[in-house]
Amino acid sequence: MPFQPLTQEPEIQRRWLESGAFRAQRSGELLPGAKTFYMLVMLPYPSGRIHMGHVRNYTLGDVTARFRRMKGYAVMHPIGWDSFGLPAENAAIKHGIHPAIWTRANIEEMKGQIQKMGISYDWDREIASFQDDYYRWNQWLFLKMWERGDVFRAMRTVNWCEELGTVLANEQVVDGKDERTGFPVTQKPLEQYFFKTTKYADELLDCLDGLDWPENVKTMQRYWIGRSEGARLAFDLELGGQVEVFTTRLDTLFGVTFMALSTEHPVIEKAAETDSALKAFCDQVAAVSREERLTSDIKLGHRTALSVLHPFTGEKVPVFAANYVLMDYGTGAVMGVPAHDERDHEFAEKYGLPIPQVIDSASEWDLGTLVNSGEFTGMKSEDAVTAMVAQLGERAGKTTTYKLKDWGLSRQRYWGTPIPTVHCGSCGVVPEKAENLPVRLPEDVAFTGVGPSPLKTSASFLDTPCPSCGRPARRETDTMDTFVDSSWYWLRYLDPRNTELPFAKAESDAWMPVDLYVGGIEHATMHLIYARYFYKVLRDLGLASGPEPFQKLICQGMVLKDGSKMSKSKGNIVDPDEVISRYGADALRLFMIFAAPIEKEIDWTGFEGIEGASRFLKRLTRMVEDHAHSAAQLPSRDQLSTEEKTLLIKLNQTIARLTDDLERRYQFNTVVSGLMELSNALGDLPADAPHRGAVLQYALDAFVRMMSPVAPHLAEQLWSQLGQQGLCMQATWPEADPAFLEADEVLVVVQVNGKVRGRVTVPASATEAQRREAALACPEAQVHLTGKEIVKVVLPPGGKLVSIVVKG
RNA sequence: GCGGAUAUGGCGGAAUUGGUAGACGCGCUAGCUUCAGGUGCUAGUGUUCACAAGACGUGGGGGUUCGAGUCCCUCUAUCCGCACCA
């Protein structure tokens, strides 16, 4: 049968689905001691069409899943849909269709495309977050977290559009205006729900060390969490009250010449009530847009009428409002030490403040020995901190701060999980009862794009009795951030139809942690921090075991077109469907794996690469077609011709190498090049080799099994042609035969003074002394040895090299 | 500015523990087959001088070593992340 992927692939896909070969076992079906492998890809958003990034991601996961199945693992390889969120709601506004209809249609479309790629997902475990049998468990978990005190309510500013009467996401706001309508957007404080992620800050940071993740992702998370050890210190205001600061350099306390407070600091806000110049300064700072603040680092300050008293000297220290102090880090107040902090230095120079040196060290910003610091003079920085904390008593203490913030999960949107709380006139904010879940999204809403969240207009949704006192009350109309949906979905895959719990612990214990998680680098912080946070909460709720959900993480590189990201607006999208309909899924898969190491970008400059992949598959098909099926037994090693032995050695070395690449190294592009090398070796077998039929049959059998994870459709076809029954994907992965890993003769490279001068062949059994002798006798080397004194001869382990050192 | 990474032919890349640099593929060149080719096959393809042997060669410079793409120091360039974090 020739290479006809367009007709063959759908046929083979049907056989797979009918055979149930993609199905993952329930925990009860696993034999004791069974090896499991959980292969996870990041939950896709059903935007409408599959793009090349998906193809790369899913192919990689599929290669791993198929390899592990053949290696005898029970494999979990699921897929689902991150199907709440803004685009569906925008589509509803634009086209006047319900977000659910738009979402369902997109899922159908994309599912069909994924199936055309031959990805081995267990479709029985498919989940979609917009369905109430998924989001009810978001609500259930929210209630559990509420009980434990992991949820709280607080004010936070949002992007508010007065004309639309709605809240906008950051990406919807461009130049301070709604990107769709151009209406102005302002900042407005709103009471919202938060998860207490900071409670786990230390654990989230410390557990990173044990994870097999890319170093850059771990670094990004460390920075994001931003743990900083230091001390807090309360200064007395001259006119009563205190200002607390956080500092990593308490040892520089005697160098304080000013206090810098954020313009949003309560002390400044209060002072501004009676100080119009200060008020004007604060307004001026507030008027600068976010982007401008980020790009400009000009320090501005305004001296207030206030002063604090130095806790040791009692001297008056002036208080400034300053634009470079952030209200949401530390305490929103900084003790200004211009001699030993770069920013404070710049500020002090600008406003003419004294810059007294109090530390003696190599560089002005380093730790060292204290000078001009009263009774602490002469102490080392580290000791001074301890001594000062002890002296300062109640007003100071060692402490730690984090950049990580609590996770604000409220969204003033329709298309998300309703937050299951109720506002009661007498009881306040009350959680819904678990037995009343799910709190479903109502259908009686209109999507106008104007006015408050559609939930606020639905009487059927709003009116509800108070779960606590039973009197009429109103439902919460905020919905959850969609990151909640993606923070535990991989556990729902393990038990997707459970109606009692989000998932049974037996299932999670059987499969967790995820062995390999593959996705885009864009999720390095948000998703991968939230997911880790949730897992720790689930563990503490007794629902899951183990500290971390994802043992190994791979972030695949992007697929570019001529050096830039493929996007609709640039019109440079290469549609996977188009490629599949020209070359077949196998050729596309092969190219995606081969083109570059997985973490690097692939630039899709043209179709040459995929032509090459297709050519390789055609050549293989011909090779199998030309090979007359042979039932002959493979002869023993000493009966084989040299060429036959060479081929079988290449075969077994390839088995060993590819197994290692897939199992330990997670290096995929070399798997394809290994297959190509082996196919070249197959082609080199002479037509008149004495045992050609038996040797080829043996080698092709192993070859087809090894190509099966990458090009599974053609592998099935060739597998049948080789006379094998059953599915190739269910065959076992070949084992390297130790009898064929070494050749009879081995090449020894001869170096003289580090330069390669010759090569000699010796029997594989040759001793060190024999190798040494053969090398010294090598004529090419002799030229460089005559008339020189041999200083030493080095024979490194492995026996493949002899290095001769000469003098003169 | 801070942090992380990367640098190998015309291109994508390989070299797993310090041991033959350039596997494999793309592209290119020549020939054959077919000549309707966006087909198939064979040979060649780091640079340079070439009959050969050789010399040079993994961003630049230095070092360790019998031996360095790989380890150390230093410089340069590119990419990514963060962005006044007290």
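Numbered from 1 within each chain, the chains take letters A, B, ... in sequence-line order. Since we're looking at a predicted model, the values are computed, not measured. Note that these values count all heavy atoms, side chains included, but never hydrogens, waters or copies made by symmetry.
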Between CZ of A/R771 and CG of A/L801, what distance do you get to the nearest 0.5 Å? 11.0 Å
Touch class at under 4.0 angstrom, heavy-atom based, for A/E346 against every strand present: nothing
Nucleotide N/O to protein N/O under 3.5 Å, stretch nucleotides 22-25 of chain B:
from  : atom 1 : to     : atom 2 : distance (Å)
B/A23 : O2'    : A/E677 : OE2    : 3.1
B/G25 : OP1    : A/N680 : ND2    : 3.4

Under a 3.5 Å limit on both distances, the Watson-Crick or wobble mate of B/U29 is B/A43
Tell me which nucleotide among B/C66, B/G13, B/U20 gets nearest to the side chain of A/L747. B/U20
What contact category does A/T219 fall into here, base, sugar-phosphate, or nothing, at under 4.0 angstrom with non-hydrogen atoms? sugar-phosphate
Determine the Euclidean distance between corresponding C1' atoms of B/U20 and B/G69; express it in Å to zero decimal places. 14 Å
Contact class for A/P597 (heavy atom, under 4.0 Å): base, sugar-phosphate, or nothing? sugar-phosphate
Taking the P atom of each, how far is B/G57 from B/G61, in whole Å? 9 Å
A/K299 (side chain) and B/C84 (base): donor-acceptor pair under 3.5 Å: yes
For A/V55, does its backbone N or O pair with a side-chain atom of A/T59 as donor and acceptor, under 3.5 Å? yes
Which part of the nucleic acid does A/R757 contact within heavy-atom distance under 4.0 Å: base, sugar-phosphate only, or nothing? sugar-phosphate
At less than 4.0 Å, is any side-chain N or O atom of A/Q751 found next to OP1 or OP2 of B/G18? Yes or no. no
Could you please name the option among B/A21, B/C41, B/G27 that lies closest to any side-chain atom of A/R622? B/C41
Counting only side-chain N and O atoms of A/R222, is one of them less than 4.0 Å from OP1 or OP2 of B/G81? no
